[in-house]
Amino acid sequence: MRTRTARHGSVVAALFLALFAPTAVAAPVPRTPDGAGAGAGASDASGASDAESAGAALVARRAALAAAASPDGAAGLDFRTCPAVEDLPANVRCATLRVPLDYARPDGPQISLTVSRAAATGARGAARQGALVQNPGGPGASGMSFPLVAGFPGWERIAAAYDLVGYAPRGVGRSAPLSCRDPAARPKGPTQEPARPSPAYKMQRLTQAREYARGCARRAGAALPHYTTLNNARDLHVLRAALGEEKLTFMGASYGTYLAAVYATLYPRHVRRMVLDSAVDPDPRRVWYRNNLDQSRGFEARWHDFRAWVARHHATYGLGTTPAAVQAGYERVRDAVARTPAGGTVGTGELRAALLQATYYDDVWPDRAAALAAFLRGDPSVLAAQAAPDPAAAAEAENATAVYTAVLCNDAPWPADWQTWDRDNTELARTAPFETWANAFLNLPCASWPVRGRQAPVPVGSQPEPLPRTLVVAAERDGATPYPGALELQRRLGTRASLVTETGAGSHGVAGGRNGCVDRHVERYLLTGATPGWRVRCAPHPEPAPVSLDDGAAGARRALLPPVV
């Protein structure tokens with residue numbers, strides 16, 4: 001299932017999370033202390049090899065010893081002025097973390113992960129509580145911009161108490177970047193997708209998916225099998241140790257919640273506090289193929305929510321007074337750009353991708369509605385400005401898609417036969433046509449993924465000892481990570497996990513500036529460790545106000561976390 005479109009227009013707009021075929025889950029391996037940090041830990045509970053578990057323990061132990069021996073408690077990380085390419089302000093410092101490509105060979109080939117940090121401000125005499133590490137999702141998204149929240153409204157008390165640490169996971173950005181094809185070879189627009197794919201079109205996409213998978217193998221070589229959630233969790237374990245932290249304090253959004261859940265399963269004694277925002281369903285039976293089908297249903301529900309909002313504001317947009325009427329207007333636009341692309345670059349593929357953002361974030365609803373209305377009034381320039389591909393972002397988009405594909409394909413078995421994909425998605429598209437086939441085609445390289453012996457999904461929640469208090473936050477109508485996933489994650493994390501639900505809302509990424517009630521629970525938990533109870537509910541944040549076509553733009557956005565994807 002994908003967790004994609006970034007809130008502030010990042011190129012990660014092409015990502016999804018996707019999903020698997022049934023397989024037996026390997027039994028947990030015996031647990032032994034890993035010795036990393038000051039407390040004893042646990043080895044991998046995932047069926048992973050003893051060699052990888054031992055390798056991760058060794059590397060983390062070395063990082064912890066180096067950190068303990070340094071004056072600033074982070075000798076493994078030499079924080080200096082950030083490279084210009086990161087485009088970060090002077091108060092944010094950058095470092096690199098060396099980790100093994102293959103944890104079964106801890107002294108074998110190494111890769112470097114980029115890390116960013118804004119030191120705790122200590123404002124108003126706040127005591128420093130350590131490092132707060134964040135992952136924004138994807139997989140394939142970089143968290144290097146996370147320290148910027150130190151300057152956002154509402155983050156003052158958290159920034160006073162914590163060093164805010166972001167990083168680019170393996171394969172992402174400058175962290176041993178993964179690529180599956182030349183970015184210049186990506187379609188530049190317009191791309192034309194049929195509303196109902198024919199058998200011939202499906203075969204064309206199947207051929208393209210196989211070629212993409214072969215391209216990943218050609219360009220990554222022997223490194224390809226090592227882009228996994230398990231290795232992302234091991235990398236996080238080493239980063240924690242290198243930061244001088246015995247236990248991890250973490251914020252994960254979207255795919256980042258699954259990463260956190262795997263980490264907690266592998267290293268429960270190294271968990272301090274975790275905020276898990278917009279949860280992926282961690283049930284091994286759903287990772288990743290079935291999660292993807294669930295997500296397409298979720299997108300359909302949010303597509304309806306958007307159309308219902310537009311219909312309520314017919315006086316502003318003139319697109320109809322019912323969701324069905326708005327749908328008819330969208331289809332008129334789609335038929336028109338199939339004949340004559342908007343601005344020469346926006347075809348049906350770009351149109352769908354732009355409107356998909358409305359299923360992630362309701363703050364784009366006024367812009368997307370205005371673009372449809374302007375188009376139908378004879379002005380395609382607004383749609384072209386919003387939906388045209390950005391050539392400058394091609395390399396970042398290619399990298400993000402490559403990492404996304406590699407991690408999901410490596411993480412779990414997928415159906416290898418096209419008949420299963422065709423049957424399941426044909427049935428689903430009858431009731432969820434908006435994104436089903438695009439979602440399926442994005443993940444189709446996993447059907448022919450050129451890596452043997454793909455792992456079984458980690459049995460999240462199988463650790464023998466209870467976890468400390470954790471906090472899950474979720475929007476009830478989230479399409480990208482449907483709400484049942486939050487319920488399943490809470491169940492697996494155990495009785496000390498608390499779930500805060502934003503009722504009646506569906507924007508992806510709840511914490512960090514969208515809902516004051518949610519943010520108060522998050523701040524209190526991070527500062528004190530206190531959770532609000534088993535399950536609590538927050539009223540939805542206000543829907544966006546309609547913006548007249550004469551107003552030109554939707555006005556100032558509230559300060560939110562960096563992109564959740």
Side-chain angles (χ1 to χ4, degrees), residues 1-3 16-20 22 25 135 137 229 250-265 268 271 273-302 305 359-360 411-412 428 432 457-463 466-511 514-515 517-518 521-522 525 531-541 564:
M1 105 190 205
R2 60 186 166 191
T3 56
F16 289 57
L17 268 152
L19 322 340
F20 108 113
V25 177
N135 180 288
T229 297
F250 183 79
M251 288 189 75
S254 202
Y255 166 78
T257 67
Y258 182 65
L259 170 60
V262 171
Y263 180 94
T265 302
V271 174
R273 293 172 193 163
M274 284 185 166
V275 177
L276 309 177
D277 184 358
S278 304
V280 170
D281 189 333
D283 185 340
R285 295 168 298 180
R286 310 207 77 76
V287 176
W288 290 112
Y289 180 75
R290 287 183 173 83
N291 273 347
N292 196 50
L293 300 174
D294 295 339
Q295 187 185 58
S296 293
R297 294 186 190 94
F299 284 142
E300 193 69 28
R302 281 303 279 168
D305 290 350
T359 71
Y360 277 87
D411 264 6
L428 180 58
V458 173
V460 166
S462 62
Q463 72 282 344
L467 293 171
R469 290 186 178 93
T470 53
L471 185 66
V472 181
V473 296
E476 196 170 37
R477 294 189 62 78
D478 187 347
T481 51
Y483 186 66
L487 300 176
E488 179 67 12
L489 177 59
Q490 184 194 27
R491 186 186 71 80
R492 287 176 175 267
L493 291 176
T495 57
R496 304 187 79 190
S498 178
L499 172 61
V500 176
T501 299
E502 184 184 25
T503 61
S507 282
H508 188 55
V510 183
R514 192 181 298 282
N515 186 300
C517 170
V518 172
H521 288 303
V522 169
Y525 169 69
T531 53
W534 174 241
R535 288 181 183 167
V536 298
R537 298 165 75 81
C538 289
H541 67 273
V564 171

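Quantities reported herein were computed from a predicted structural model and do not represent experimental measurements. Atoms considered below: every heavy atom in the structure, side chains included; atoms not considered: hydrogens, waters and symmetry mates.
T481 contributes atom OG1, which lies 11.5 Å from atom CG of L276 (distance to the nearest 0.5 angstrom). A distance of 12.0 Å separates SG in C538 from CD in E476, rounded to the nearest 0.5 Å. Rounded to the nearest 0.5 angstrom, L293 CG and L428 CG are separated by 6.0 Å. Interatomic distance, CG of D411 versus OG1 of T229, reported as 3.5 Å (0.5 Å rounding). Considering NE2 of H541 and SG of C517, their distance stands at 13.0 Å, rounded to 0.5 Å. Summarising the geometry, atom CZ belonging to F299 is positioned 13.0 Å from atom CG belonging to D305; distances are rounded to the nearest 0.5 Å.
Applying the side-chain hydrogen bond (donor to acceptor under 3.5 Å, both in side chains) criterion to Y483, with sequence neighbours excluded, gives T501. For R273, the side-chain hydrogen bond (donor to acceptor under 3.5 Å, both in side chains) partners at least two apart in sequence or on another chain are Q129, Y162. Applying the side-chain hydrogen bond (donor to acceptor under 3.5 Å, both in side chains) test to R535 and every residue at least two apart in sequence or in another chain returns Q490.
Between R492 and D283, the closest side-chain pair of non-hydrogen atoms falls below 4.5 Å. Contact of the T265 side chain with the S462 side chain is registered, since non-hydrogen atoms from C-beta on lie closer than 4.5 Å. By the 4.5 Å heavy-atom criterion applied to side chains, F250 and V271 are not counted as neighbours. Residues T495 and P466 are not in side-chain contact: their nearest non-hydrogen atoms beyond the backbone lie 4.5 Å or more apart. Between H521 and V473 the shortest side-chain heavy-atom distance does not fall below 4.5 Å.
Classification of the H508-Y360 ring pair by plane angle, with boundaries at 30° and 60°, yields perpendicular.
Side chain of R514 to main chain of G509: a donor-acceptor pair is present (N/O by atom type, distance under 3.5 Å, no hydrogens or angles). The backbone N or O of V510 sits less than 3.5 Å from a side-chain atom of D277, completing a donor-acceptor pair. A donor-acceptor contact shorter than 3.5 Å links the side chain of S498 to the backbone of G533.
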CA sep, side-chain torsions, deciding dist, call: L489, V280, side-chain contact (heavy atoms from CB on, under 4.5 Å)
CA-CA 8 Å; L489 177 59; V280 170; over 6 Å; no
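Here the shortest heavy-atom pairing between D281 and N291 reads O-ND2, 3.0 Å.
Under the 4.0 Å criterion applied to side-chain N and carboxylate O atoms, E488 and R491 are assigned as salt-bridge partners.
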